[in-house]
Participant: 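Before anything else, here's the structure in question.
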Amino acid sequence: MNLPVLKAADFASDQDVRWCPGCGDYSILAQMKKVLPELGFPREKTVFISGIGCSSRFPYYMNTYGMHSIHGRAPTFATGLKSTRPELMVWVITGDGDALSIGGNHFIHCLRRNLDVNIVLFNNRIYGLTKGQYSPTSVEGQITKSTPMGAIDHPLSPLSVALAAEATFVARSIDAHVKHLGETLKAAAAHKGTSLVEVYQNCNVFNDGAMAYAQERKQRADNIVELEHGKPLIFGAKGEKGIRLTGNHLEIVNTEDVPSDDLLIHDAHDPNPAIQMMLARMRYPEMPEPIGVLRCVEGVATYNDQINEQVTAAKAKKGEGDLMALFNSGDTWQVA
Amino acid sequence: MNLPVLKAADFASDQDVRWCPGCGDYSILAQMKKVLPELGFPREKTVFISGIGCSSRFPYYMNTYGMHSIHGRAPTFATGLKSTRPELMVWVITGDGDALSIGGNHFIHCLRRNLDVNIVLFNNRIYGLTKGQYSPTSVEGQITKSTPMGAIDHPLSPLSVALAAEATFVARSIDAHVKHLGETLKAAAAHKGTSLVEVYQNCNVFNDGAMAYAQERKQRADNIVELEHGKPLIFGAKGEKGIRLTGNHLEIVNTEDVPSDDLLIHDAHDPNPAIQMMLARMRYPEMPEPIGVLRCVEGVATYNDQINEQVTAAKAKKGEGDLMALFNSGDTWQVA
Amino acid sequence: MIDTSTPPATSKTVETVSGITVRLCGDSGDGMQLLGTQLTNTSALAGNDVATFPDFPAEIRAPRGTRAGVSGFQVQFASQEIFTPGDTLDALVVMNPAAMVTNIGDLRKGGILIANEDGFNEKEYKLAKVESNPLDADVIEQSYRVVRVSMTKMTRDAVSEFGLSTKFADRCKNFFAMGLVYWLFGRSLDPTLRFIEEKFSKKPDIMNANMAALRAGWAYGETTEVFGESYQVEAAKLEPGTYRNIMGNQALAWGLIAASQVSGKDLFYGTYPITPASDILHELTKYKNFGVRTFQAEDEIAAVCATIGAAFGGTMAVTASSGPGIALKGEAMGLGVMLELPMIIVNVQRGGPSTGLPTKTEQSDLLQAMFGRNGEAPMPILAPRSPGDCFAMAVEAWRIATECMVPVMLLSDGYIANGSEPWKIPDMKDLPEIKCSHPAASDSDETFLPYGRNENLARPWAIPGTPELMHRVGGLEKEDGTGNVSYDPDNHQHMVDTRAAKVAKIAERIPEQDVFGATSGDVLVVSWGGTYGACLTAVAKCRDAGHDVSHAHIRYMNPLPSNIGTLLRSFRTVLVPELNAGQLRMLLRAEYLVDCVGINKVQGKPFAVTELVDAITHHATTLRQTKAG
Amino acid sequence: MIDTSTPPATSKTVETVSGITVRLCGDSGDGMQLLGTQLTNTSALAGNDVATFPDFPAEIRAPRGTRAGVSGFQVQFASQEIFTPGDTLDALVVMNPAAMVTNIGDLRKGGILIANEDGFNEKEYKLAKVESNPLDADVIEQSYRVVRVSMTKMTRDAVSEFGLSTKFADRCKNFFAMGLVYWLFGRSLDPTLRFIEEKFSKKPDIMNANMAALRAGWAYGETTEVFGESYQVEAAKLEPGTYRNIMGNQALAWGLIAASQVSGKDLFYGTYPITPASDILHELTKYKNFGVRTFQAEDEIAAVCATIGAAFGGTMAVTASSGPGIALKGEAMGLGVMLELPMIIVNVQRGGPSTGLPTKTEQSDLLQAMFGRNGEAPMPILAPRSPGDCFAMAVEAWRIATECMVPVMLLSDGYIANGSEPWKIPDMKDLPEIKCSHPAASDSDETFLPYGRNENLARPWAIPGTPELMHRVGGLEKEDGTGNVSYDPDNHQHMVDTRAAKVAKIAERIPEQDVFGATSGDVLVVSWGGTYGACLTAVAKCRDAGHDVSHAHIRYMNPLPSNIGTLLRSFRTVLVPELNAGQLRMLLRAEYLVDCVGINKVQGKPFAVTELVDAITHHATTLRQTKAG
Ligand SMILES: Cc1ncc(C[n+]2csc(CCOP(=O)(O)OP(=O)(O)O)c2C)c(N)n1
Ligand SMILES: Cc1ncc(C[n+]2csc(CCOP(=O)(O)OP(=O)(O)O)c2C)c(N)n1
Ligand code: SF4
Ligand code: SF4
Ligand SMILES: [Mg+2]
Ligand SMILES: [Mg+2]
């Protein structure tokens, strides 16, 4: 079958996009529209499911099937859909509040079940839609509408939590790094099992510049390290810095001072997540923050495959269900 | 002030204990009653809060203040109580379903806030009270009432999840190891910040022997390794086996073959949880499972301290709140 | 299917009676539920009509020997149609003092009390918190026919040849008791022998011992001089057909499977375990070969949301819980209403509020079903009236859900969920036809309208995978037709009205309310849900006693059948018995402005027929006096 | 406190009018909310009675220039007491075509339309989806007094000396508009000048520019020949006292703080952000020096549970949300009922069902408040009637909660939450006394009964830390007195009855229902919540027109005041206007069997007074005709 070749514009719905001018969400939308045609997957088999938040308006703007559900629960709708319609490509769109505050539990359970969906978590470290309260990823001491004296909760790292739930695909990208973002979304789509992509997204209205260190051209070379499977961890404008594993921790070294063999070589495919967990914990300003695919382990059974395999197996073993046989099983009697 | 010296019996309420004969819960109850008097803390300042499940009936049996709340939410009741009454010693009693299924999100958020309470998670890898469905800690393939063809979810490790949430105290013990259990509970009580103690608990009715490898005298020496801060990881009936860190993973070695310096020395106080995370992932039968205190890091601010400090600071800065001044602040006018 | 078996011949006198109510009680570990189930099945196989009421402690294994640990199973079997497990007992079997003292009150004067004498000793008195042997009380001897049987000892003797340990030998004593009961009521041993054979096929010693115990119990009845006669209940004249015994939760599960089959859909069941709904999960998960997928979610919210997700995908989707879990589903149910997708939400009600009395029955979630959501979020509600009716109403729920594109609530309760009754096996062709259709891309040239509507006000069920029908749904108010987000005031009014009208219109698609008795007169008893049997029986008794009383049992709670208003107004008094504080009553009063009077009981227990007879008689008599005066 | 300021003197004619309704609309980014708030405050300071209605898009920054992006603020200021922000507008200020086309419908014939001409150009027409300049339509010129002002240009001129970029210069144009409006309605510039001074003290250029723009707007009104006269509204004759302007959510927050102070308790506020309740959190969290602890939980369930935990500890504990969040709290609220602990649950209602219309107002959660829990779980419900009344009802909620040891529900709505009105600052000694007492170990020699009861049926609030009173609470049914878990049927009945009686008895502790107008007659209008102002105004108008109409506005929704039944039966017709499909109406019909008639509107908008006048008049006239005929 020859599928028609689609363009980004084909993935745009007829709805007006209603984010604030300058919001990082636009760039993520643009990349998604650019990447989907490249996957060559039928539009009508593509579904976007979101929770509630600025980010969660995303499905309205995609000319695919979509559901703007309720706050925090997007992964659970996806679970019902993907378990019964495994042939669909399902994307879950969520925010830091949606996924990690009210939805934290569903997030973990989706990952541990390894449901074959792609979760894109728009992390702006704030509640955008409700106008600027702190979120579980807001930094300690952050002043927001609900924390005039500073936030006192210790922030959560979505990547750490995902790895602890034995996620099979964990990645991070940045709204402003359009190319990197596009590649990361593609890698997520290619993975069989739950793919988590955290995207640093600027909320220019309520938390402007919170991740400028990673977004801005001038600063980012020093503050982020781009992971590539099989490649050493090198960063800095001129590649002058690297990361080395020493004993039980990661440290920054000068690439001129250490032999390149000493640098940590990124292994996204390692089933043992030990190093990946260390990477997930690297935080600005002490360390550069990793972007790219931290972990991508294939071959782990997915929930949707298994639930359907049990049905197939049961049919193979017992034959297609026969209602009358079921009703008449066990003790029955006749009244004339 | 001379506090009266209490005995275990003083902590027993007048209610009949209603667990199945042989249930591991009895032993945990006994240890709690034994340990509490040793802490020398007033009974009336001790509060037990539980969710729903067999384990969650615990508070009824303690002659302290108590609340048998609703399913999965115990940590949240504790949050309200401890934030407003920081002088109380609050214990949270929960099960694997209660804490990790319906309550997974509250569990994580309590830990990340480092609320100064002690969580005891009775892990029997099954839903006891509802008569035998699988739980998030049930093993893959487990046959239960709700999984006649075997469970297909990948199990969660409460210790991994807790560490990912940056828990400051993480430990594990076993119902049958009464002494170890008592010591672990005491260590949990001594920690300032959220203490998580996972207790392997046998449900002899619906999941009998699921953790026999760790509980039974004959097998356990080979299947568990007892962690002690500052001590090397050695196990086996004759201490013939040890654990070594090699590159990014832990491996079993023969203690005769390797110098004892090569063995992993347990550091529960290391703020970097990298090795602790590796320990948390050790699973039977590939590896011995660790018991004892995996992590105990002091000095991290607690939620209850901080919320109260902000009140103190605000009072210091603005003075005790004056209602009439508040009402009359800003623009007012007089009608005669 | 097996033939109605005949019992082994007895040499004693046999008295024929029209029905027997017996309760078997012992410690939770004594196997009373098993015993009760066997007696029920055997009686059903003998052609009797049967009705059961199991009642067990909230604890998994409540403390042995205590009152809280008593587990009971009541069954009535009769030669005429019956609708309840009976009020007062003709016979009571007790395995220990705790069982006796907590149940003796329900034994009728002159009824038979069979006690396992070996279970009555000092240790047991203490556990049961009685001073001395309660069997010895004069009042007991005077009021009942007391039969003391040394069951433990006789069982040990009977099974000694199989070399079991005492512990295992003693476990057989429930089969000894069963044998004795079977003798007393002329039941055949065959079905239970066969059951033992199948169940213990892998443990031949235990199998043989249990069979021996059963036979020994029978032989004891036949031999001992304590019993002069046995009783016999002839077959009931039920509608012709093939029957089986069925429990409510099982019937509900089977109804869902049947609905999925007749609608040509696989079934997705998303749930989180909770008493008394969990058995639906346990039952459904056995039938994966019927295309059933069960999802044990991380909580009730995930369960209902996954259900909505599956419904969006075009699957038959169902979720179930009990009160506290239903409370958690409220927000998502509102989304279901907004999305206008078909699905079923089952509530197997239990004693509330909060955790309440989890193993007890109650009807106190009707108003929660009606109003437990934010905003104007109407939903159709159906309520089965008996264990077997759970089958029919499950099918009906799916019919309405798909015809009207709406989530439907099915209100069962602990009483019918765990109770059982003979169920006439339906023919597949008697099941209603349920057509599910999904628009295809080529259906029309016009722009596709995801919120366009048909004559039922139902929107099209367009599912992902269909080319050209791509659309987005969500919880924000949507424009009728296009389904786009709309903040337009008039559209909002229109949509609120439309969602209400859609549910109200269902009244056109359901049967009118039927009435037992006259359609006008003195007293109308209006009931719903699991109280059907007790209310019907009570009304029948009152009619037999000459009162002008009729009975309307509602199964369609929202919308109510269209003739209800007329009906209510055709009686001088309307009585509404409910196991709650008056929830249906309040709905009827609000809707029809009829001064309905409640008969309310909130004790975690079903109505006794006599309670209802008394209450109805009181009202009927008062009315007659007023008329006369 | 400041003196009521006088405006700069005008040289034109000044016409005195009794009240003005004006709406300011522009793009979300145009600062209309700020402008409206300033106009409101200034009018209040001038001694007018004021009422406001802000209305903004659901989006944070809706697309610029579009209809969806229009943000509006309506204010009525008057020299007599008023209760609504007005129906039709005397003046409408529009900053762009989208604002004009979406709002012009509400401007009365002959009203003043002030348009920022610079905002009307091709680009803007396209964004607003209009073909050409809507100002040019004949019908506009014919129907209204159109004033086209080149605001952008004139603002640029006015601020040029401060060297701002065009972008920043243009941002000052709302102050220009404000200056013009102030001139037109004779408002003083002083309060706003002071506001600008404080707000921009750190950016002197912007401060000076805004001040200049404001003055320029005023000067333009004074100079241009377009306006022949300005209008003046004299001070209203309000009750003597010191006043301030207050918003509903702010008043609610202050009421909670006041209640905590008079009861000698710290305040714990556990919540999760949601529109339109979040501002209560934002407000409360400022007052930590009052002993306020705010907890932004991970979700609504955690929020309500933490609240219960704090209540168990003896703190004044409050949670709040809006419809969808309240749905999530249902299960825990049931536990609150079972635990019999005092706490407040606030629902600031918004348009439903599901996510619905989050920024719009509605009254559709009353039945959810009544019944949105499993089992029989009655709770008292209070509903403030206006922004200022949120203060009083918050205090009242805490009084009832503590006196009766019961969770109390407080039903606000988006309309009063975001609306504002002059509020007479209460004297601390006018606040009700709220005594919270906790038993101490030595209180009595007898065994402590955690579920013992006083004359209000309230149990003792014994708190952790008290020696000897250790006890356990929980969601399983409890034995009255001891509080031990109990499965006893009679106890369950007793407890269900007791919890209901406890709530019912509150009727003894609340005022009787008051009535505006006669206490019997033709028509009684019964309303609740935020519709107070519209209903009262409409009834007053109907009475002025000679109709026999009275008004009862209920603030105590459950239990209802004890005289309601008598009242309803004293009128020939009872009308119940509600912004829902008839929720209070249904409760009244069920309880009192009175055929109440609904006036229902579900459009996310408050009632217009005229709508109500029409509906009431219709009924009153029909009645008179019937009487006459
Ligand atoms: C049950 C429920 N609770 C609360 C809300 C209000 N709410 C909507 S979005 C949101 C948080 C948004 O934050 P985030 O997920 O980070 O998304 P963002 O807007 O930042 O993209 C909240 C609290 C809601 N809609 N539903
Ligand atoms: C809201 C709600 N959902 C479900 C239940 C039923 N329920 C009670 S305990 C439980 C799980 C118990 O498992 P676990 O937490 O492991 O405790 P255990 O009984 O094994 O000690 C469930 C599903 C409930 N009481 N409330
Ligand atoms: S509020 Fe923030 S996250 Fe939301 S649309 Fe605006 S800029 Fe984006
Ligand atoms: S069911 Fe299992 S966990 Fe529960 S009391 Fe019995 S043995 Fe213990
Ligand atoms: Mg966010
Ligand atoms: Mg468990």
Side-chain angles (χ1 to χ4, degrees), chain A residues 72 100-109 111-115 136 140 147-166 168 245 247-250 264 267 270 272-278 280-281 300-307 309-311 313-314 317, chain B residues 72 100-109 111-115 136 140 147-166 168 245 247-250 264 267 270 272-278 280-281 300-307 309-311 313-314 317:
Chain A
L100 300 172
S101 196
I102 190 167
N105 200 35
H106 309 303
F107 178 72
I108 294 172
H109 281 269
L111 289 162
R112 83 170 176 100
R113 293 193 185 107
N114 203 29
L115 186 81
E140 264 167 81
T147 54
M149 294 178 75
I152 62 178
D153 308 24
H154 312 293
L156 273 182
S157 152
L159 304 184
S160 293
V161 173
L163 288 169
E166 304 282 325
T168 55
L245 173 66
N248 65 1
H249 70 282
L250 300 176
L264 178 65
D267 185 355
D270 190 352
N272 170 4
I275 308 281
Q276 296 149 6
M277 283 175 164
M278 292 184 197
R281 285 191 83 252
V300 179
T302 66
Y303 190 83
N304 38 293
D305 276 353
Q306 290 193 284
I307 192 172
E309 277 159 19
Q310 289 201 339
V311 169
K317 197 171 152 201
Chain B
L100 300 172
S101 196
I102 191 168
N105 199 36
H106 309 302
F107 177 72
I108 294 172
H109 282 269
L111 289 162
R112 84 172 176 100
R113 294 194 184 105
N114 202 30
L115 186 81
E140 265 167 80
T147 54
M149 294 178 74
I152 61 178
D153 309 24
H154 312 293
L156 275 181
S157 153
L159 305 184
S160 293
V161 172
L163 289 168
E166 305 280 326
T168 55
L245 173 67
N248 65 1
H249 69 283
L250 300 176
L264 178 66
D267 185 355
D270 191 352
N272 169 5
I275 308 280
Q276 296 150 6
M277 282 175 165
M278 293 184 197
R281 284 191 83 251
V300 179
T302 66
Y303 189 84
N304 38 294
D305 275 354
Q306 290 191 286
I307 192 172
E309 277 159 18
Q310 289 200 339
V311 169
K317 196 172 153 201

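In what follows, chains are A, B, ... by sequence order, proteins preceding strands, each numbered from 1.
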Participant: With rounding to the nearest 0.5 angstrom, report the CD1 to CG distance, Ile275(B) to Leu250(B).
Facilitator: 6.5 Å
Participant: Under 3.5 Å, is there a donor-acceptor pair between the side chain of Asn105(B) and the main chain of Gly103(A)?
Facilitator: no
Participant: Non-hydrogen atoms of chain B under 4.5 Å away: do they reach the side chain of His249(A), the backbone, both or neither?
Facilitator: both
Participant: Taking atom CG of Asn248(A) and atom CD of Gln276(B), what is their separation to the nearest 0.5 Å?
Facilitator: 9.0 Å
Participant: Side chain from CB out, backbone as N, CA, C, O: work out which of these in Pro136(A) comes under 4.5 Å of a heavy atom of chain B, or both, or neither.
Facilitator: both
Participant: If you count heavy-atom pairs under 4.5 Å with chain A, which of Asp153(B), Leu245(B), Val300(B), Ile307(B) comes out on top?
Facilitator: Asp153(B)
Participant: With chain A, which of Pro273(B), Gly247(B), Ala162(B) has the greatest number of heavy-atom pairs at distances under 4.5 Å?
Facilitator: Pro273(B)
Participant: Tell me, side chain or backbone of Ala314(A) under 4.5 Å from chain B's heavy atoms, or both, or neither?
Facilitator: both
Participant: If I measure from the heavy atoms of chain A, does Ile108(B) come under 4.5 Å with its side chain, its backbone, both, or neither?
Facilitator: side chain
Participant: Not counting sequence neighbours, which residues clear side chain to side chain donor-acceptor pair (under 3.5 Å) with Thr168(A)? List them please.
Facilitator: Asn114(A), His191(A)
Participant: Is Asp270(A) close to chain B through its backbone or its side chain, or both, or neither, when contacts mean heavy atoms under 4.5 Å?
Facilitator: side chain
Participant: So which part of Glu166(A) gets closer than 4.5 Å to some heavy atom of chain B, the side chain, the backbone, both or neither?
Facilitator: side chain
Participant: Select, from Met277(A), Arg281(A), Glu140(A), the one with the greatest count of heavy-atom pairs under 4.5 Å involving chain B.
Facilitator: Arg281(A)
Participant: Quick check on the interface: out of Arg113(B), His109(B), Gln310(B), who has the most heavy-atom pairs with chain A under 4.5 Å?
Facilitator: Gln310(B)
Participant: Shorter than 4.5 Å, heavy atoms on both sides: which option in Asn272(A), Val161(A), Leu100(A) has the most such pairs with chain B?
Facilitator: Asn272(A)
Participant: Under 4.5 Å heavy-atom distance to chain A, tell me which part of His154(B) shows up: side chain, backbone, both or neither.
Facilitator: both
Participant: Given that the side chain runs from C-beta out, which part of Ile102(A) has a heavy atom under 4.5 Å from chain B: side chain, backbone, both or neither?
Facilitator: backbone
Participant: Let me confirm one number: the CG-CG distance from Leu156(A) to Leu111(B), rounded to the nearest 0.5 Å.
Facilitator: 10.0 Å
Participant: Is it the side chain or the backbone of Met149(B) that comes within 4.5 Å of chain A heavy atoms, both, or neither?
Facilitator: both
Participant: Let me confirm one number: the OG-CZ distance from Ser160(B) to Arg112(A), rounded to the nearest 0.5 Å.
Facilitator: 13.0 Å
